[in-house]
Amino acid sequence: MPRMTMIEAIRDALDVSMGRDEGVVVFGEDVGYFGGVFRCTAGLQQKYGRTRCFDAPISELGIVGTAIGMAAYGLKPCVEVQFADYVYPAYDQIVSEAARLRYRSNGQFTCPMVIRMPTGGGIFGGQTHSQSPEALFTHVSGLKVVEPSNPVDAKGLLIAAIEDPDPVIFLEPKRLYNGPFDGHHDQPVTPWSKHALGEVEAGHYTVPLGKAAVRREGSALTVLTYGTMVYVAEAAARETGIDAEIIDLRTLLPLDLDTITASVRKTGRCVVVHEATLTSGFGAELAALVQQHCFYNLEAPIARVTGWDTPYPHAQEWDYFPGPVRLGEAMREVME
Amino acid sequence: MPRMTMIEAIRDALDVSMGRDEGVVVFGEDVGYFGGVFRCTAGLQQKYGRTRCFDAPISELGIVGTAIGMAAYGLKPCVEVQFADYVYPAYDQIVSEAARLRYRSNGQFTCPMVIRMPTGGGIFGGQTHSQSPEALFTHVSGLKVVEPSNPVDAKGLLIAAIEDPDPVIFLEPKRLYNGPFDGHHDQPVTPWSKHALGEVEAGHYTVPLGKAAVRREGSALTVLTYGTMVYVAEAAARETGIDAEIIDLRTLLPLDLDTITASVRKTGRCVVVHEATLTSGFGAELAALVQQHCFYNLEAPIARVTGWDTPYPHAQEWDYFPGPVRLGEAMREVME
Amino acid sequence: MADQPPLSLYVPEPAVRPGDTPDFSNVIIPKAGSVDRPPVDADPESLRDLAFSIIRVLNRKGEAVGPWAGLLTADELLEGLKHMMTLRAFDARMQTAQRQGKTSFYMQHMGEEAVSCAFRKALEPGDMNFPTYRQAGLLIAGGYPMVDMMNQIYSNEADPLKGRQLPIMYSSKEHGFFSISGNLGTQFVQAVGWAMASAIKNDTRIAAGWIGDGSTAESDFHAALVFASTYRAPVVLNIVNNQWAISTFQGIARGGAGTFAARGLGFGIPSLRVDGNDYLAVHAVAKWAVERARRNLGPTLVEYVTYRVGAHSTSDDPSAYRPKAESDAWPLGDPVLRLKNHLIKIGAWSDERHTQAEAEILDTVIAAQKEAEKHGTLHTGGKPSTRDMFEGVYEEMPPHLRRQRQQAGV
Amino acid sequence: MADQPPLSLYVPEPAVRPGDTPDFSNVIIPKAGSVDRPPVDADPESLRDLAFSIIRVLNRKGEAVGPWAGLLTADELLEGLKHMMTLRAFDARMQTAQRQGKTSFYMQHMGEEAVSCAFRKALEPGDMNFPTYRQAGLLIAGGYPMVDMMNQIYSNEADPLKGRQLPIMYSSKEHGFFSISGNLGTQFVQAVGWAMASAIKNDTRIAAGWIGDGSTAESDFHAALVFASTYRAPVVLNIVNNQWAISTFQGIARGGAGTFAARGLGFGIPSLRVDGNDYLAVHAVAKWAVERARRNLGPTLVEYVTYRVGAHSTSDDPSAYRPKAESDAWPLGDPVLRLKNHLIKIGAWSDERHTQAEAEILDTVIAAQKEAEKHGTLHTGGKPSTRDMFEGVYEEMPPHLRRQRQQAGV
Ligand SMILES: Cc1ncc(C[n+]2csc(CCOP(=O)(O)OP(=O)(O)O)c2C)c(N)n1
Ligand SMILES: Cc1ncc(C[n+]2csc(CCOP(=O)(O)OP(=O)(O)O)c2C)c(N)n1
Ligand SMILES: [Mg+2]
Ligand SMILES: [Mg+2]
């Protein structure tokens, strides 16, 4: 099987989708001739022509707004927002329009569209290249929210998202583009070519939206997480020796509650981990659900390990980032 | 003491603030000559002149963006967004700019600014005149988020918000403008003139940000809520006969965690209530905090009673609105 | 800067306010027939003057004059008159129905009927409008059943939108009428995207975006112009300048520009101003712009100069912010009356036939209303179900919504 | 529509790509001195042509000619030359420092030095710039200590911004330099708000907004123009058209408009284009626009026509999307060289003195760098504390942040 980085897997998903369906169009800032600042769309304009893959003006509102019009027409736009930190100018179009179109028109008009955006920190990008805004989308009825943690899922989830009849926010943890970074920033990262989840099937396949994956089975406690934090959790489990069950949520909305509750009922303990700031982060929803559905199984309070409630700093990146040491401590506490 | 509706109390707060501080300027759509579609700014242009209270073009981005510039200059703008449903075009300016300015400039530039907006449903306003987007702001470090439930608080909190050195999102539950609506839509609403909290002190006073109020003391369970739902909770307590302690949070960010935990430690049971949609609503944060801080006191899972995860419908308003019957049922369940 | 006189803020105000005498002397109205009609493929630069004048066809005597005249037969004009009369009668009935508590909200078109009714007749089947709440004429002139409009307004059991939307936020794909958004401006850029899609697919259909004078200040307006200009999208971008945005006069949104049409010039987009109360002029300009789009010549911006005679909505009372008699003073007259007079002038119509038509139209509207009310009104009779509230958020209902629906007991 | 030829989407492309021969034959460069200098209170309509030409002062022979010449003394020009040379030397050192791993990121100004350096000299103390990341000349020419800039770039213990911001996102209230945002466009409208505040307070200070060609597509640009135009804000709105937005040529943002300056005409805002590589022209136009603002005549839009010679940032390699030699072919030349030649021409400078100045400036920059590096670089030496990360989110730290700080053990 071909070995791919996450970037290559995303590009392959776009290629496969564009090849199968003429309605798939791809655009965004620097996405056309150049192929995207992270190279996720490299080669697509050459292969599919300038009217199916093109550069857009620097207007996230315009990119998403025109994509909504295209989706309503019947195309399947898959647009790129250069960094998730730059999605806010398009927020109104996403929340008030894309998410509501099917409902308010009673299905006459729909919005099958994907908005891809690199998310998360760990690259010394400062406050405008590091944000994790997923919780700002999980509160919006009508959206789906996906965040893969590896090349295999990235490809399969992206194809599924493009084929989905509803708008999907597709968050790509940029720190994972080239390898499964586990938070040990002072150590080299294994490339995807040496990781099992870097072996990506050629051609068309999907990973269904709404299904979590158990990355590590365990009996002592459940770690609920997604994106980069999956590897931080693996490292913390390794380093603490705690037999954690690590669940990679993959899709945040709609959520795979069954997998979550089955695990917590088994382990009786739960830690929720994300890079986004704590207050009103997606971890709040996870904790609220877990205590509701597994109350009588819980042996300790659910802990949240997250970014702090500050903007993402530049110099203090590793103080901010919830790495394996911080997570390990929380896991130990929950085990007490 | 003068009796005021919530509209009058808000107007009075603006009047008092403009009278005391020449730096306070008020603008927004229809805010100047006409005095606002809810009349909250009526008379202010006549009293303070066109350069201190004026009509703005229909650009929420422009209203907030210019207000940020004014705040950085040294004024204290208090702007109105006509309905909270229309704040999204300004979301980037709020999240990326207002909330971050102090931090990123290390205090060289600050943003003492208030953004007022009517929130919540119950007026048959359909999906674009009914939303409760508070959770989209509580996730943003650097903002404060306030929602009063009565004229006395509305005035005192608004004056405090205007005097605060940081940006404040000020949500006004429009269904309470004229009286303490308790969710019984088929019954007349008592006007504020007949309610103790409609007796509003003249002149200057503040209600501090970050402090909750216990609206009803009780020993059986704790209801955490804010805005319109305070009265729904009072009705549910009355109608179920459950001795609920009802906490009106007033400020959502920063949150008065002490008052919350003291109450739940006492009652051992907790219901969280808001009108916003469930998933990733502010209730998730409340439930997450309560289970974390009061785990060993809790005798039942924390319940959330909220709007459903759909856009706010028009005809089905009362099926959507989390009224006293639905809340009462949840309270009974938590008592079991 | 000690010797510098201080700055001061300029805040635009309308010439008159309640109590003052209406004054439109600052509105320069060129004579009907006086503005050129260039070929649709003319160089945009050469069209500059069209953004600062007003294209008019009907003169004060009721004659159709000049290069933009002569596109419609008497029968077509008669049909147009009836559409406008129908819209007006419809508005009056629904306005009253709202006052009677049969629904929560209504917005009327009084004075602006020509804009949407005449524009609609310039389109072909398959074209798509992205309307605001003040273009119901697109539906009336497009043959959408009035009873369905009323069902929507009443949020009753036959409401095609299942009670989910505020009254008048219609949607009909079949009739080329995109689902209206309550958020101003958002659809202007979506129209451009739809048009781009049509061009990507080498289709022949075109799109039309709609926006109010006040709403041109929104960001979506800018994004629409940027994208339409860059990709030469086959779209007609319509600005309905009815002088008011709720209580705010158009000077606030327009700022120092002479006209709203002028905005388009900074993008190299041909931009025309037209008498929005002149059915013939609206139709002729719409035809011209639609042809440009259809021939792949790119976008056109059109500003319709008209006047909002009624209140903004049923929640508004304009006497608080403008002179009561201002609408009488509006120099472009009433669109229904002007077309009526023209038809009489050319011998195709008479006062008697007009009165009779009025009565007939009223009957039709009342019949539709009776039919609709059989299905209920907002607070009485048949209504959409609670289940309908949970459906259609996604194509397939996800587990969490299914749980919530169960919890709601439906 | 069966007989209708199909539509197709137009997607603009630059004339040349890597491998092609650079070609700027489509850029029309008027002769230096050929554009009029109208009075600052001229009717905006009469200034229309200024949005489509290029105001230039220095001709090919190094002479300052025409109505915009003659505002600066030789000493002032010499100072300007040194500012530009300093900025260039600073850029080179910091670019290298980034390559050496001393910081994470850098963005240089190569080719655009005249724009910010000359503009700064048209301002008075108290005026406020709302810059993008490519106007460090405002700081250099404004006397901000280079070592503080470097401390910020290194995120070291002496960083005035405590390590919180990405390198080069400077902030200095004292030097009239608003905190830079990483989000494009946002500050353009804030500049208008600051200027409005100054007018509200009957102050005499004015503001300047800055934006790149690509970023004019953002919504904030529109909002800025709407508000500036409506309230006649005392603001200069600067568009730096350096032909590129990362890999995207300016034709994508500009669409069918002839120029970016043309955008302002749709708002009735006087709009000028100027040779951005001509220190004298930039300064003269800046003076003119600043005087308009100061005299309460309202906003001015200025487009600086220049070229981004270097990569977009240290994360970018332009050879992937444009011909390598394109910058050599740029017809407006190099701003440093042009001012140098002018000063030699007027007898105020020589090649020898230039070489000597270059060496002196390099010494100063190196000295500053040594000083800064004493306080650490991004990964070595002194650094801002973890406590600094928790401070300054609010004026007073709220309880939840205090708890988190404790949890972090600081
Ligand atoms: C984003 C947004 N902001 C504000 C409103 C509230 N609002 C509804 S209609 C209106 C005035 C619109 O004026 P104009 O664009 O001129 O259209 P008209 O009503 O005159 O047809 C306003 C401010 C809204 N619906 N959406
Ligand atoms: C809102 C937002 N969208 C996208 C970006 C990513 N980005 C950074 S610089 C840039 C190009 C800007 O081009 P231009 O405005 O021409 O300025 P220049 O770099 O040429 O000075 C882009 C797309 C951003 N920083 N902010
Ligand atoms: Mg209007
Ligand atoms: Mg540029």
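Quick note on labels: first sequence line is chain A, next is B, and so on, each numbered from 1. Values in this document were obtained by computation on a predicted structure and should not be read as measured data.
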What I'd like to find out is whether the side chain of P131(C) reaches to under 4.5 Å of the side chain of F178(C), using heavy atoms alone.
yes
Applying a strict 4.5 Å limit to non-hydrogen atoms, the region of F54(B) in contact with chain C is side chain
In this structure, SG of C40(B) is separated from CD1 of I7(B) (nearest 0.5 Å) by 5.0 Å
Distance-only criterion, 3.5 Å: which donor-acceptor pairs connect chain B and chain C?
| from | atom 1 | to | atom 2 | distance (Å) |
| --- | --- | --- | --- | --- |
| D30(B) | OD1 | S247(C) | N | 2.9 |
| D30(B) | OD1 | S247(C) | OG | 2.7 |
| D30(B) | OD1 | T248(C) | OG1 | 3.0 |
| R50(B) | NE | V11(C) | O | 3.4 |
| I58(B) | O | E218(C) | N | 3.3 |
| D85(B) | O | N183(C) | ND2 | 3.3 |
| Q127(B) | NE2 | Q165(C) | OE1 | 3.4 |
| D309(B) | N | Q404(C) | OE1 | 2.8 |
| D309(B) | OD2 | Q404(C) | NE2 | 2.9 |
| H314(B) | N | G163(C) | O | 3.2 |
| H314(B) | N | R164(C) | O | 3.4 |
| H314(B) | ND1 | S155(C) | OG | 2.7 |
| H314(B) | NE2 | S104(C) | OG | 2.6 |
| A315(B) | N | G163(C) | O | 2.7 |
| Q316(B) | NE2 | K162(C) | O | 3.0 |
| Q316(B) | NE2 | S385(C) | O | 3.2 |
| D319(B) | OD2 | T386(C) | OG1 | 2.9 |

So CG of L184(C) and CD1 of I211(C): to nearest 0.5 Å the spacing works out to 8.0 Å
Which of I239(C), L301(C), V240(C) passes side chain to side chain contact (heavy atoms under 4.5 Å, CB included) with F260(C)? It is I239(C)
query = Hey, are the side chains of V79(B) and V26(B) touching, using non-hydrogen atoms and a 4.5 Å cut-off?
reply = no
Most contact-rich option vs chain B, by heavy-atom pairs under 4.5 angstrom, among G185(C), P167(C), G392(C), is P167(C)
Exercise. Find out whether V226(C) and V192(C) are in side-chain contact, i.e. whether some heavy atom of one side chain is under 4.5 Å from a heavy atom of the other.
Key: no
_F282(B) vs F137(B), test: side-chain contact (heavy atoms from CB on, under 4.5 Å). Steps then yes/no._
CA-CA 10 Å; F282(B) 190 64; F137(B) 297 106; over 6 Å; no
For F188(C), the ring pair (Phe, Tyr, Trp, His ring centres under 6.0 Å) test, sequence neighbours excluded, returns F221(C)
Turns out that what part of F390(C) lies under 4.5 Å from chain B's heavy atoms comes down to both
With sequence neighbours left out, the residues meeting side chain to side chain contact (heavy atoms under 4.5 Å, CB included) with A320(C) are F34(B)
Turns out that what part of L9(C) lies under 4.5 Å from chain B's heavy atoms comes down to both
If one checks every heavy atom of V393(C) against chain B at 4.5 Å, the contacting part turns out to be side chain
Whatever's closer than 4.5 Å to a heavy atom in chain B on I246(C) counts as both
Task: Trace of the side-chain contact (heavy atoms from CB on, under 4.5 Å) decision for V305(B) with T225(B) - done: CA-CA 10 Å; V305(B) 180; T225(B) 192; over 6 Å; no
If one checks every heavy atom of P18(C) against chain B at 4.5 Å, the contacting part turns out to be both
Cut-off 4.5 Å, heavy atoms of chain C, and the answer for I123(B) is neither
